Amino acid sequence: MTAKKIRTRLAPSPTGDPHVGTAYQALFGYVWAKKNNGSFILRIEDTDKERSTPESERAIVDSLKWLGLEWDEGPEIGGTYGPYRQSERLEIYHEYINRLVAEGHAYPCFCSRERLAEVRNERQKAGASSGYDRKCRDIPPEEATKRVEAGEEFTVRMKVPLEGTCVFEDLLRGEIEKDWASIDDQVIMKADGFPTYHLAVVVDDHLMKISHIIRGEEWINSVPKHVLLYEFFGWEPPVFCHLPLLRNKDKSKLSKRKNPVSIDWYRKTGILPEALLNYLGMMGWHLSDDREKFSLHEMIDNFRLEDISLGGPVFDLDKLLWLNGRYIREDFSTDDLLDRLVEWGLNREHFEKILDICKGRMSCLSDWGDMTNHFFNNNISLSKDELLIKNRDETEICEILQMILWELEKLDRFTKESIYLLFKEFSEKLDIKLKYLTQPLYIAISGKAVSTPLFDTMEILGSDISRMRIRSAMEELGNLSGKKLKKLEKKYNSLFADI
RNA sequence: GACCCCAUCGUCUAGAGGUUAGGACACUGGCCUUUCACGCCGGCAACACGGGUUCGAUCCCCGUUGGGGUCGCCA
């Protein structure tokens with residue numbers, strides 16, 4: 001028997017900052033491919049027209065390159081099975097969608113979003129395990145065709161069996177069973193003509209000859225839909241391997257609200273890519289001699305997918321920092337380290353940005369050191385007293401910081417202008433003078449009451465570092481109790497409801 | 001709520017029927033040292049619970065509990 005060529009892929013959707021979870025999946029997929037002299041493919045899953053952006057794609061590509069996880073095929077570099085951006089593969093998907101409809105495995109659905117929301121609501125209340133009532137499933141094909149041709153808006157749904165059980169194999173967990181009755185007639189083509197993830201992923205993985213799907217556990221529940229599509233098309237499904245999810249301290253899925261999750265944050269904080277990769281490698285996997293520091297090469301040489309352990313690992317920044325320190329101490333000459341440092345933050349481009357906002361308040365060159373240390377120092381020290389402003393106690397300041405944090409999370413572009421607008425609006429809504437609002441922020445962001453302009457500083461530091469610092473300040477103030485947090489969330493939602 | 005997944009120190013993990021349950025981070029005691037850090041030596045600390053199977057269960061099976069995930073024209 002000739003072994004099938006091992007081909008793995010990373011399939012991120014370009015809808016935000018590059019996420020460490022993406023890096024985690026990339027690492028395991030990459031290592032598995034390299035271990036087997038296979039190929040690692042990057043495919044951009046930009047089927048969400050609303051949220052996908054080219055900037056995000058670039059950021060993801062950049063951060064993967066920074067990590068040193070290079071792909072063999074992908075957008076820009078191409079490959080035999082391209083294009084590697086799903087938005088450029090629309091005709092391909094249509095061909096397969098049409099085929100499913102023609103063969104009676106899929107059907108147009110004319111239900112409005114409003115109706116679907118209603119139905120979903122009712123069914124959920126009634127305890128039904130699926131959200132759609134399959135209203136359009138039985139429309140006679142001729143009638144459906146007529147309605148489509150008449151220009152009525154529609155989506156396409158796949159016909160999921162009404163009864164029976166889907167059994168599939170996960171490499172790490174063995175057989176998994178799920179009743180078909182618990183699965184919706186999944187939409188495979190949206191009203192805008194774009195495929196949904198489920199259709200696109202199956203078609204592409206097949207066409208791109210992917211041998212192993214290595215991705216996060218959150219996908220397990222949709223595997224039956226995928227398996228069904230493979231069956232409809234008469235294709236052999238690849239091996240499914242669902243990685244455990246990286247977790248916050250409270251064990252929930254790693255999230256922006258509770259942790260820095262952007263690869264960019266780690267980069268800007270001064271984590272070395274080799275240390276981050278190493279650390280990610282020890283989440284759920286280990287070397288047989290239990291050595292904790294290992295290179296990507298060592299990981300490749302010793303890696304076996306089946307050795308991955310399944311408990312969701314908590315992402316522990318302290319341990320990452322310890323590991324990073326070992327790299328700095330053990331692997332760098334002073335000369336090499338200097339190069340790294342320059343590359344990281346001591347370069348002209350970065351200095352220029354900072355100098356630009358310092359110049360006006362410098363009286364001698366050595367002011368530089370004190371004035372800018374918050375750009376190079378991750379552990380800025382803050383005192384509780386300084387965070388407290390005019391007649392407000394810890395709780396009040398905490399509440400303000402928390403609401404600002406929530407607001408900042410919603411910002412898509414982290415520029416000084418957008419941050420300023422956000423604060424301005426915030427101060428109006430809460431009826432607090434802007435300068436009182438920004439006062440504790442100066443301390444939180446720079447550690448100093450007198451410092452470089454707040455919004456410029458935040459822009460240079462970036463969203464993740466800024467938010468992390470605000471969180472640290474809140475910790476210094478004693479944080480909010482669960483109860484108070486809930487109350488605050490209500491108040492916040494009423495004040496800042498978007499719709 | 002329904003369904004799916006998971007379960008060893010606070011955290012990352014080793015263990016694959018018989019171990020004083022091992023290592024690492026964190027915490028901590030000491031040594032080294034002009035301070036700190038590093039390094040070295042030590043300490044604290046875990047098999048969720050209940051039934052089976054077995055001469056014997058952390059390990060196998062079942063249940064309970066706990067945690068997580070999914071229930072979108074988002075991925």
Side-chain angles (χ1 to χ4, degrees), chain A residues 11-16 19 21-22 44-52 86 108-113 115-117 119-121 123-132 153-157 165-166 168 170 172-174 176-201 215-225 242-254 279-293 307-323 325-326 328-330:
Chain A
S13 61
T15 54
H19 197 283
T22 308
I44 299 295
E45 311 235 317
D46 54 351
T47 53
D48 185 339
K49 245 200 249 172
E50 311 281 294
R51 297 196 305 145
S52 299
Q86 290 187 326
C109 170
F110 304 95
C111 295
S112 68
R113 286 162 212 262
R115 188 186 110 81
L116 290 174
V119 171
R120 191 159 41 235
N121 230 311
R123 288 173 69 92
Q124 210 150 51
K125 254 186 231 158
S129 46
S130 73
Y132 178 56
E153 190 175 89
F154 70 101
T155 62
V156 175
R157 289 180 184 269
T165 306
C166 173
F168 66 93
D170 177 272
L172 299 174
R173 290 155 242 263
I176 296 175
E177 295 187 9
K178 196 160 167 56
D179 288 340
W180 285 118
S182 72
I183 299 166
D184 261 341
D185 278 2
Q186 177 65 45
V187 170
I188 56 176
M189 190 187 86
K190 311 176 207 178
D192 64 6
F194 273 52
T196 58
Y197 171 84
H198 305 283
L199 188 277
V201 81
R215 40 117 102 122
E217 195 177 8
E218 73 252 55
W219 292 108
I220 282 193
N221 282 305
S222 35
V223 173
K225 294 168 191 171
H242 291 90
L243 261 23
L245 255 24
L246 264 23
R247 314 285 185 97
N248 298 313
K249 269 204 174 60
D250 65 5
K251 298 270 188 182
S252 57
K253 171 161 102 166
L254 196 67
Y279 180 70
L280 255 13
M282 57 198 251
M283 305 268 84
W285 187 80
H286 66 100
L287 232 35
S288 56
D289 61 6
D290 259 1
R291 249 182 323 119
E292 299 199 281
K293 186 172 167 230
D307 289 341
I308 294 171
S309 63
L310 294 174
V314 171
F315 197 94
D316 181 6
L317 196 52
D318 280 337
K319 190 150 186 176
L320 170 58
L321 251 15
W322 163 78
L323 190 62
R326 281 192 62 185
I328 292 174
R329 273 173 256 133
E330 297 169 12

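From a predicted model like this one, the values you see are computed outputs, not experimental measurements. So that the names make sense, note that chain A is the first sequence line, chain B the second, and so on, each numbered from 1.
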Base, sugar-phosphate, or nothing: which does A/Trp285 touch, judged by heavy atoms less than 4.0 Å apart?
nothing
With heavy atoms under 4.0 Å as the rule, sort A/Asp48 into base, sugar-phosphate or nothing.
sugar-phosphate
B/G69 and B/A75, which share atom name C1', separated by this distance in whole Å:
15 Å
Between the side chains of A/Arg215 and A/His242, does any donor sit under 3.5 Å from an acceptor?
yes
What does A/Thr155 touch in the nucleic acid at a heavy-atom separation under 4.0 angstrom: a base, only the sugar-phosphate, or nothing?
base
With a 4.0 Å cut-off on heavy atoms, is A/Cys111 in touch with a base, just the backbone sugar-phosphate, or nothing at all?
base
Across the strands shown, which category fits A/Arg51 at heavy-atom distances under 4.0 angstrom: base, sugar-phosphate, nothing?
base
Assign A/Thr47 to base, sugar-phosphate, or nothing according to its heavy-atom contacts below 4.0 angstrom with the strands shown.
sugar-phosphate
Taking the P atom of each, how far is B/C31 from B/A16, in whole Å?
39 Å
Record whether the side chain of A/Asp184 comes under 3.5 Å of the base of B/G72 through a donor-acceptor pair of N or O atoms.
no
Identify whether any heavy atom of A/Glu177 sits under 4.0 Å from a base atom; if not, whether one sits that close to sugar-phosphate; answer base, sugar-phosphate or nothing.
sugar-phosphate
If the cut-off is 4.0 Å, is A/Arg247 near the phosphate of B/U11, judged by side-chain N/O to OP1 or OP2?
no
A/Asp192 side-chain N/O to A/Phe194 backbone N/O, donor-acceptor pair under 3.5 Å:
yes
Determine, for A/Tyr132 and A/Arg120, whether the Lys NZ or Arg CZ falls below 6.0 Å from the six-membered ring centre while staying within 45 degrees of the axis.
no
Picking from B/C73, B/U70, B/C5, which would you name as closest to the side chain of A/Lys253?
B/U70
Checking all strands, does A/Arg291 fall into the base, sugar-phosphate, or nothing category for heavy-atom contacts under 4.0 angstrom?
nothing
So does A/His286 get a side-chain nitrogen or oxygen closer than 4.0 Å to the phosphate oxygens (OP1/OP2) of B/U13?
no
Interatomic distance where NE2 belongs to A/His242 and P belongs to B/C6 [whole Å]
12 Å
Base, sugar-phosphate or nothing for A/Leu245? Non-hydrogen atoms, less than 4.0 Å.
sugar-phosphate
B/G22 versus B/U58 - spacing of their P atoms, nearest Å
15 Å
Please compare A/Leu172 and A/Ser222 by the position of their nearest nucleotide in RNA chain B and report the one closer to 5'.
A/Leu172
Keeping A/Ser222 on the side-chain end and A/Trp219 on the backbone end, is there a donor-acceptor pair under 3.5 Å?
yes
If we take the P atom in both B/C47 and B/U11, what is their distance in whole Å?
12 Å
With a non-hydrogen cut-off below 4.0 angstrom, is A/Lys249 in contact with a base, only sugar-phosphate, or nothing?
nothing
Could you tell me how far B/U54 sits from B/A48 if I compare only their P atoms? Round to whole Å.
23 Å
Return yes if a side-chain donor-acceptor contact under 3.5 Å exists between A/Ser252 and A/Asn248, otherwise no.
yes
Between A/Cys109 and A/Ile176, the residue closer to the 5' end of RNA chain B by nearest nucleotide is A/Ile176
Would you mind pulling out the nucleotide paired to B/A24, Watson-Crick or G-U wobble, both distances under 3.5 Å?
B/U11
Could you tell me whether the side chain of A/Asp184 and the main chain of A/Gln186 form a donor-acceptor pair under 3.5 Å?
no
For A/Arg113, which contact category applies under a 4.0 Å heavy-atom criterion: base, sugar-phosphate, or nothing?
base
What is the nucleic acid contact for A/Gly284, judged by heavy atoms within less than 4.0 Å: base, sugar-phosphate only, or nothing?
sugar-phosphate
Can you tell me how far P of B/C3 sits from CH2 of A/Trp219, to the nearest Å?
23 Å
Quick check on B/G72: is either OP1 or OP2 less than 4.0 Å from any side-chain nitrogen or oxygen of A/Lys225?
no
B/C74 and B/C27, which share atom name P, separated by this distance in whole Å
46 Å
If you look at every strand shown and take non-hydrogen atoms under 4.0 Å, does A/Met189 touch a base, only sugar-phosphate, or nothing?
nothing
When you check the phosphate oxygens OP1 and OP2 of B/C74, does a side-chain N or O of A/Lys190 lie under 4.0 Å from one of them?
yes
Heavy atoms under 4.0 Å, any strand shown: does A/Glu292 hit a base, just sugar-phosphate, or nothing?
base
Give a yes or no on whether a donor-acceptor pair under 3.5 Å exists between the nucleobase atoms of B/A26, that is its base, and the side chain of A/Lys319.
no
